[in-house]
Chemist: 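Please find one structure pasted underneath; my questions will follow.
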Protein chains: 2
Amino acid sequence: MHVTLQDVAKLAGVSAKTVSRVVNNQGELSEATRQRVQAAIDQLGYRPNILARSLVNQRSNTLAVVAWGIDYYGPSRTVVGIEKRSDELGYSLFLNLMAHPDNGDIDRILDNLVERRVEGIIWAVPEVGANRGWIDSARLDRLPPIVFLSTQAQPGLTTVSVNNRHGAIEVTQHLIAQGRRRIGLITGPQAWWEARERSAGWQEALQRAGLNPDPTLVVGADWSAVSGALAMRTLLERAPDIDAVFACSDQIALGALGVAHQSGRRVPQDVAVAGFDDTPESAFFWPPLTTVHQQLIDVGCIAVQNLHQIIEAKRKSDLEVTLESTILMPELVIRESSARH
Amino acid sequence: MHVTLQDVAKLAGVSAKTVSRVVNNQGELSEATRQRVQAAIDQLGYRPNILARSLVNQRSNTLAVVAWGIDYYGPSRTVVGIEKRSDELGYSLFLNLMAHPDNGDIDRILDNLVERRVEGIIWAVPEVGANRGWIDSARLDRLPPIVFLSTQAQPGLTTVSVNNRHGAIEVTQHLIAQGRRRIGLITGPQAWWEARERSAGWQEALQRAGLNPDPTLVVGADWSAVSGALAMRTLLERAPDIDAVFACSDQIALGALGVAHQSGRRVPQDVAVAGFDDTPESAFFWPPLTTVHQQLIDVGCIAVQNLHQIIEAKRKSDLEVTLESTILMPELVIRESSARH
DNA sequence: AGCGCTGTCGTCAGCGATAACGACAGCGCT
DNA sequence: AGCGCTGTCGTTATCGCTGACGACAGCGCT
């Protein structure tokens, strides 16, 4: 079927080992034979079988990313970073998507990855509900090194995430600085750790400013624009005097913007709106949206970089290393939707 | 390092082959030993090494997707479909992203995939410029079966794509049916096959309706909202009497909508706007956007399904099979941005 | 009793590659 | 001439697993 080392060896009139030396650029051979072997390789179109090499080397040179929500902006960007760095470091990358973020065939997926002997795993599934329940040290001991993304830091786990709370604080403080006083909050689903963090940031910023976080100004949504629209409607009914809204995602903000327009309110004159994520579209919402930018590609790159370090350390010293958590600071992006009235 | 078949065999007091039989559910063994072996497997937490199995079976059970633009809505959705079907069919999936759609380390990527002995490849890189130039039969003979997405059908290649031209025709005809007569076009980059198809659809629909496709009403953009905004400005300067615009992507449409608002025009009363892609946001643009929906997840699923068929056929009869091209019909989604004035 | 058959299980070789070691020619040296 | 050394290359074993085949006990049968 495929051309093998032996085939090349036979053609070049040398032993298999010699061909192996040429392929792997190990010295110890004369220029003459190297060229002869190389010619045979080219002639036959020989490509080494990495599976066989992995078997004897005890290294698969593969990583895996387990993700959810790839068809949303955030997760897919993160995966781009993961793939990029993996490639740069010489790993091939397996992609595994979960059907739902909150349950799923975790066992099946992990078993498969172990069987494929991946050297490390990036866990890019958002922390929602108890979907981190499977993590315990006994389990982790049987698994390759794992780096967890978008998750609460905890001892014994290597994590990379963005400081959602900090981002939320910055937006809210910005709204306050623009003279807003009745600032509503449309939250993401509270089962999500990231959503809770953003909500907490809103609350913290208000308290720091001596403003009272009014519970009637808080409405839940599910990240989507539809739910954002519904929430905004509720918000406007409950508190017609509201003068700003922090939506916990750009999509939610988009829905909220639509309802604000329909209600005859001007944005930002009557009500300011801010989002979170900085999707490419947000700069072209009507009006352009103030939001929070996350360096998601960096998150992916750093995650793989850390994973690589752990793998290398493990191979050399055989002792288990877990890096500390890495936390990136998001950046406030100010646009028209929050301009001073 | 890892627990091996031998370890289990030793513990259970049987031969390695017997353990292998248990793992693979091959008959020929008594219930007693099966249970004893299974107990040993559980106790040691044994997981078979798929690399070794692949080596002897001559099957890697892996597929690969080569893609670009995963952080955009369309490509990422397609990948979701690809992953889903791959998983269902028992394949593991390698993810390879190209840095740019139009050049790139194609050789490096393909070499790597061959070395990993993937059984098939999904080529999910859009056709732009001459980036399909590497395809020739001599080359393909040395490669595993490939299914090409979003590409012009051509003999000898298995392709799965959406009929972009048809979609564009439908939008344009819809705009005409709404009473519009001066219908502008903001195209995607003409190096892209899909962009050319959409442009051609606009032209064809106008001609069919007996309207003259006016070249001054055609402006180019690069898919992004920024470029859409620029193009819309140009369009309004050139033809202030324009009464509709077909933007070749939702992002372009978004930019166009913003400029329309800024120019004091009402959408859809003064100018109708339509897009292409049906991104989740488009239903919440201001106003909600008329657009074209593509079944991208289906595209991914079908692609893998076809690939699987080819692989199976090849394994059984050893003769090379290439399926015909599959073309999906997109669907027009009518929303407020194109309502009758 | 002796036959063959079936059910169970083990032995052996080999998938494609590499590490460790060994073999051998040619060299310079005393 | 005889020594060891270096450079170059081959031999062997092994990674973890499975297919082909063989071995053997226990069974029913004539």
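Order of the sequence lines sets the chain letters (A, B, ...), proteins ahead of strands, with each chain counted from 1.
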Chemist: What is the separation between atom NE2 on B:His2 and atom P on D:dT14, rounded to the nearest whole Å?
Modeler: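 To the nearest whole Å, that distance equals 22 Å.
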Chemist: Counting only heavy atoms and a strict 4.0 angstrom limit, can you tell me which residues of residues 10-17 of chain B come near DNA chain D?
Modeler: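 Close to the strand are B:Lys17.
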Chemist: If only side-chain N and O atoms of B:Ser30 are considered, is one of them under 4.0 Å from the OP1 or OP2 phosphate oxygen of C:dC9?
Modeler: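 Yes, within the criterion.
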Chemist: May I ask you to list the residues of residues 46-59 of chain B, by number, that have any heavy atom positioned under 4.0 Å from an atom of DNA chain D?
Modeler: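 Within residues 46-59 of chain B, the residues near DNA chain D are B:Tyr46, B:Pro48, B:Asn49, B:Ala52, B:Arg53, B:Val56, B:Asn57.
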Chemist: Name the nucleic acid region contacted by B:Gln26, choosing base, sugar-phosphate or nothing; use a 4.0 angstrom heavy-atom cut-off, strictly under.
Modeler: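 The residue B:Gln26 makes sugar-phosphate contact but no base contact.
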Chemist: Extract all donor-acceptor atom pairs below 3.5 Å that involve side chains of residues 74-83 of chain A and protein atoms in other chains or at least two apart in sequence.
Modeler:
from, atom 1, to, atom 2, distance (Å)
A:Ser76, OG, A:Tyr72, O, 3.0
A:Ser76, OG, A:Tyr73, O, 2.9
A:Arg77, NE, A:Tyr73, OH, 3.3
A:Thr78, OG1, A:Gly74, O, 3.0
A:Glu83, OE2, B:Leu97, N, 3.0

Chemist: Just to verify, what does A:Arg142 make a salt bridge (charged side-chain N to carboxylate O under 4.0 Å, His left out) with, not counting sequence neighbours?
Modeler: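 Scan of A:Arg142 (salt bridge (charged side-chain N to carboxylate O under 4.0 Å, His left out), adjacent residues dropped) gives none.
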Chemist: Given pairs defined as Watson-Crick or G-U wobble with both distances under 3.5 Å, what dot-bracket annotation applies to DNA chain D, with ( ) intrastrand, [ ] crossing, | other strand and . unpaired?
Modeler: ||||||||||||||||||||||||||||||
Chemist: Does B:Leu5 reach a base, just sugar-phosphate, or nothing at all? Heavy atoms under 4.0 Å.
Modeler: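 If one applies the 4.0 Å heavy-atom cut-off, B:Leu5 turns out to touch a base.
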Chemist: Could I get the full list of salt bridge (charged side-chain N to carboxylate O under 4.0 Å, His left out) partners for A:Arg59, not counting sequence neighbours?
Modeler: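 Partners of A:Arg59 under the salt bridge (charged side-chain N to carboxylate O under 4.0 Å, His left out) test: A:Glu119, A:Glu312.
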Chemist: Go through the N and O atoms of the side chain of B:Arg117 and the base of C:dG16, and report whether any donor-acceptor pair is under 3.5 Å.
Modeler: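 There is none.
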Chemist: Among residues at least two apart in sequence or on other chains, which ones pass salt bridge (charged side-chain N to carboxylate O under 4.0 Å, His left out) with A:Asp107?
Modeler: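 Here the qualifying residues are A:Arg139.
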Chemist: Can you name the residues that form a ring-ring contact (aromatic ring centres under 6.0 Å, His included) with A:Tyr91, not counting sequence neighbours?
Modeler: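 Per chain and number, A:Tyr91 pairs via ring-ring contact (aromatic ring centres under 6.0 Å, His included) with A:His308.
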Chemist: Please determine if A:Arg108 and B:Asp87 form a salt bridge, counting it only when a charged side-chain N lies under 4.0 Å from a carboxylate O.
Modeler: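 Here A:Arg108 pairs with B:Asp87 in a salt bridge, since their nearest N and O are under 4.0 Å apart.
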Chemist: Taking CG from B:Leu29 and P from D:dC24, how many angstroms apart are they, rounded to a whole number?
Modeler: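 Roughly 20 Å, once rounded to whole Å.
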Chemist: What residues form a salt bridge (charged side-chain N to carboxylate O under 4.0 Å, His left out) with B:Glu127, not counting sequence neighbours?
Modeler: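 Residues passing salt bridge (charged side-chain N to carboxylate O under 4.0 Å, His left out) with B:Glu127: none at all.
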Chemist: Can you list every ring pair (Phe, Tyr, Trp, His ring centres under 6.0 Å) pair that touches residues 93-118 of chain B, not counting sequence neighbours?
Modeler: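 Those involving residues 93-118 of chain B are A:Phe94-B:Phe94.
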Chemist: Does anything in residues 1-13 of chain A pair up under side-chain hydrogen bond (donor to acceptor under 3.5 Å, both in side chains), and if so which pairs, sequence neighbours excluded?
Modeler: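 As it turns out, the side-chain hydrogen bond (donor to acceptor under 3.5 Å, both in side chains) pairs with a partner in residues 1-13 of chain A, which skip direct neighbours, are A:His2-B:Arg117.
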Chemist: Indicate whether OP1 or OP2 belonging to D:dC15 is found under 4.0 Å from a side-chain N or O atom of B:Thr4.
Modeler: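 For B:Thr4, the contact criterion (side-chain N or O under 4.0 Å from OP1 or OP2 of D:dC15) is not met.
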Chemist: With a 4.0 Å cutoff (strictly under), does any side-chain N or O of B:Thr18 reach OP1 or OP2 of C:dT8?
Modeler: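 Checking C:dT8 against B:Thr18, no side-chain N or O comes under 4.0 Å of OP1 or OP2.
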Chemist: So for atom CD, which belongs to A:Glu88, do other residues, nucleotides or ligands contribute more than 12 heavy atoms lying within a distance under 6.0 Å?
Modeler: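 Yes, enclosed.
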Chemist: Does OP1 or OP2 of D:dC17 have a side-chain N or O of B:Ser20 closer than 4.0 Å?
Modeler: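 For B:Ser20, the contact criterion (side-chain N or O under 4.0 Å from OP1 or OP2 of D:dC17) is not met.
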Chemist: Determine which pairs satisfy side-chain hydrogen bond (donor to acceptor under 3.5 Å, both in side chains) with at least one residue from residues 295-305 of chain B, sequence neighbours left out, and list them in order.
Modeler: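 For residues 295-305 of chain B, and leaving out neighbouring residues, the side-chain hydrogen bond (donor to acceptor under 3.5 Å, both in side chains) pairs sorted by first residue read B:Arg85-B:Gln305.
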